Amino acid sequence: MTSTVVSTTSGASVLTGIFADVRVQLTRYVYCPFFILGNIGNILNILVFSREPLRTSVCSIYFLIISIANLVSINIGLLTRILSTLDVPDPSRNVAWYCKGRAYISGLSLTIARHFLCLIAIDRVLMTSTRVSTRQLSSFKIARWIVPISCLSWAIFYVHTLIGYENNRTGTSCGRQAGFYSTFTTVCTISIDAIIPIIIMAVFTLLMMKQIRALRLRRERNVVTTIRQVTTVRSQMRTTTINAISYQDGRSQESNGHNIERQREKQLTRLSFVQVLIYIIFNLPNAVYVVYMLIVTNEKKTADRSAIESFVSLFASILTYIYCTLNFYIYTLSSATYRTKTKQIFQQCFHRRHVRIFLSQN
């Protein structure tokens with residue numbers, strides 16, 4: 001009997017040590033580079049989406065808010081997890097206000113990013129609609145009200161973390177209170193942080209794809225009609241006056257302007273689709289793990305199982321923060337318009353630097 005206990009304890013300690021070493025290696029060679037790249041990427045996102053002409057689009061405003069929220073998330077949530085893995089003292093374990101503040105800001109920023117990603121999916125459905133009245137709902141005036149109301153509402157909602165989170169007396173951890181509050185936060189995590197956003201994004205992304213197909217079929221049906229109209233216009237232009245030709249040139253310039261705007265909206269639609277897809281991939285593991293823990297919460301667990309669950313919990317939560325670091329690189333790979341705007345920023349920075357060097361030399 002004694003030998004069995006010793007063997008189990010030894011095995012558990014070996015498994016725990018292996019997972020601890022894996023966490024350290026992941027932190028050094030994966031999490032730290034993602035943290036640095038995430039800060040650089042989100043700062044560039046803020047610069048790009050805050051410039052003309054992108055900042056006049058409703059979708060771009062939402063992308064801007066997401067980038068700001070992600071920047072806060074990785075510097076509050078991801079950084080503290082990296083430091084704790086590298087044996088750097090975590091002030092949240094001993095300082096009560098830091099424990100509560102970190103939980104509040106981290107939860108609020110992640111939820112705001114999810115909220116506006118859902119709004120982006122909804123906005124793209126509105127923009128791809130064939131009805132003019134539906135497309136008009138995607139307006140900058142409405143977005144100016146949605147942004148502050150949404151942020152204020154979630155800021156009020158997450159006040160509960162300032163009450164429910166605490167560090168224990170031994171100073172070894174910062175977490176939520178047991179009992180009712182623990183159950184409440186678990187339900188919020190499953191619903192608000194996982195199931196509801198994923199369902200909203202998936203449903204509205206599918207609707208967007210359906211409407212895009214409908215628009216494509218509609219354009220294909222109008223190809224023959226358009227060709228006939230162009231032929232008729234060309235035959236009429238041979239007999240028109242110079243004033244009529246000038247009028248037609250003005251209409252062509254106006255049409256080109258609409259085409260540029262349409263291409264920009266098409267690029268934003270592609271960005272929203274790719275980002276929703278990446279969000280589901282990186283956030284679904286955490287949602288599945290939370291549901292799993294809710295199911296097996298009353299089961300007796302061995303030391304090995306507890307060690308495995310602890311590692312999976314950390315890895316799944318880290319994935320949600322890694323997603324926050326990828327947006328800039330997702331946008332760069334998905335959108336030619338975004339790449340162009342990013343190049344313009346770098347070109348302007350280098351140009352200003354050369355001008356300053358030239359002026360200082362003279």
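By convention here, the first residue in the shown sequence is residue 1. Please read all numbers here as calculations on a predicted model, not as lab measurements. Values reported hereafter were calculated over all heavy atoms of this structure, with side chains retained and with hydrogens, waters and symmetry mates removed.
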* Heavy atoms, side chains only, cut-off 4.5 Å: are Asn42 and Phe328 in contact? -> no
* To do: Evaluate the side-chain proximity of Val48 to Leu64: yes if any heavy-atom separation is below 4.5 Å, no if none is.
  => no
* **Centroid-centroid distance, Phe49 to Phe63, less than 6.0 Å** => yes
* Asked: Is the His160 to Phe184 ring centre distance short of 6.0 Å?
  -> yes
Distance in Å, [X] [atom1] paired with [Y] [atom2], rounded so as to fall on 0.5 Å steps:
X	Y	atom1	atom2	answer
Tyr62	Ile120	OH	CD1	8.5 Å
Leu319	Asn283	CG	CG	8.5 Å
Ile156	Cys151	CD1	SG	11.5 Å
Phe204	Met209	CZ	CE	15.5 Å
Ile61	Leu119	CD1	CG	13.0 Å
Leu314	Glu309	CG	CD	13.5 Å

Might you point out which heavy atoms bring [X] and [Y] nearest each other, and give the distance in Å?
X	Y	answer
Ile74	Gly38	CD1-C, 3.5 Å
Gln211	Val125	NE2-O, 2.7 Å
Tyr329	Gly41	OH-N, 4.0 Å

* Would you please classify the geometry between the Phe311 ring and the Phe315 ring as parallel, tilted or perpendicular, with 30° and 60° separating the classes? => parallel
Any side-chain donor paired with an acceptor under 3.5 Å for [X] and [Y]?
X	Y	value
Tyr331	Arg339	no
Ser138	Asp123	yes
Tyr279	Thr320	no
Tyr31	Gln25	no

* To do: Go through Leu110 and Asp193 one step at a time and tell me if the side-chain contact (heavy atoms from CB on, under 4.5 Å) criterion holds.
  => CA-CA 8 Å; Leu110 285 173; Asp193 297 346; over 6 Å; no
* Passes side-chain contact (heavy atoms from CB on, under 4.5 Å), Met127 versus Val58? Steps please. -> CA-CA 10 Å; Met127 283 300 300; Val58 174; over 6 Å; no
* To do: Step through the shown structure and confirm whether more than 12 heavy atoms of other residues, nucleotides or ligands are within 6.0 Å of CZ on Arg135.
  => yes
* To do: Go through the steps for Tyr321 and Ser106 under the test side-chain contact (heavy atoms from CB on, under 4.5 Å), then give the verdict.
  => CA-CA 10 Å; Tyr321 288 103; Ser106 179; 2.7 Å; yes
* Is a donor on one side and an acceptor on the other found under 3.5 Å between the side chain of Glu166 and the backbone of Gly175? -> no
* To do: Tell me whether Val187 is reachable from Ile200 by hopping between hydrophobic residues (I, L, V, M, F, W, Y) whose side-chain heavy atoms are closer than 4.5 Å.
  => no
* **Cluster overlap Ile149 with Leu152, hydrophobic side-chain contacts below 4.5 Å** => no
* To do: Run the numbers on Lys100 and Thr161 for side-chain contact (heavy atoms from CB on, under 4.5 Å), then give the verdict.
  => CA-CA 6 Å; Lys100 297 175 181 291; Thr161 58; over 6 Å; no
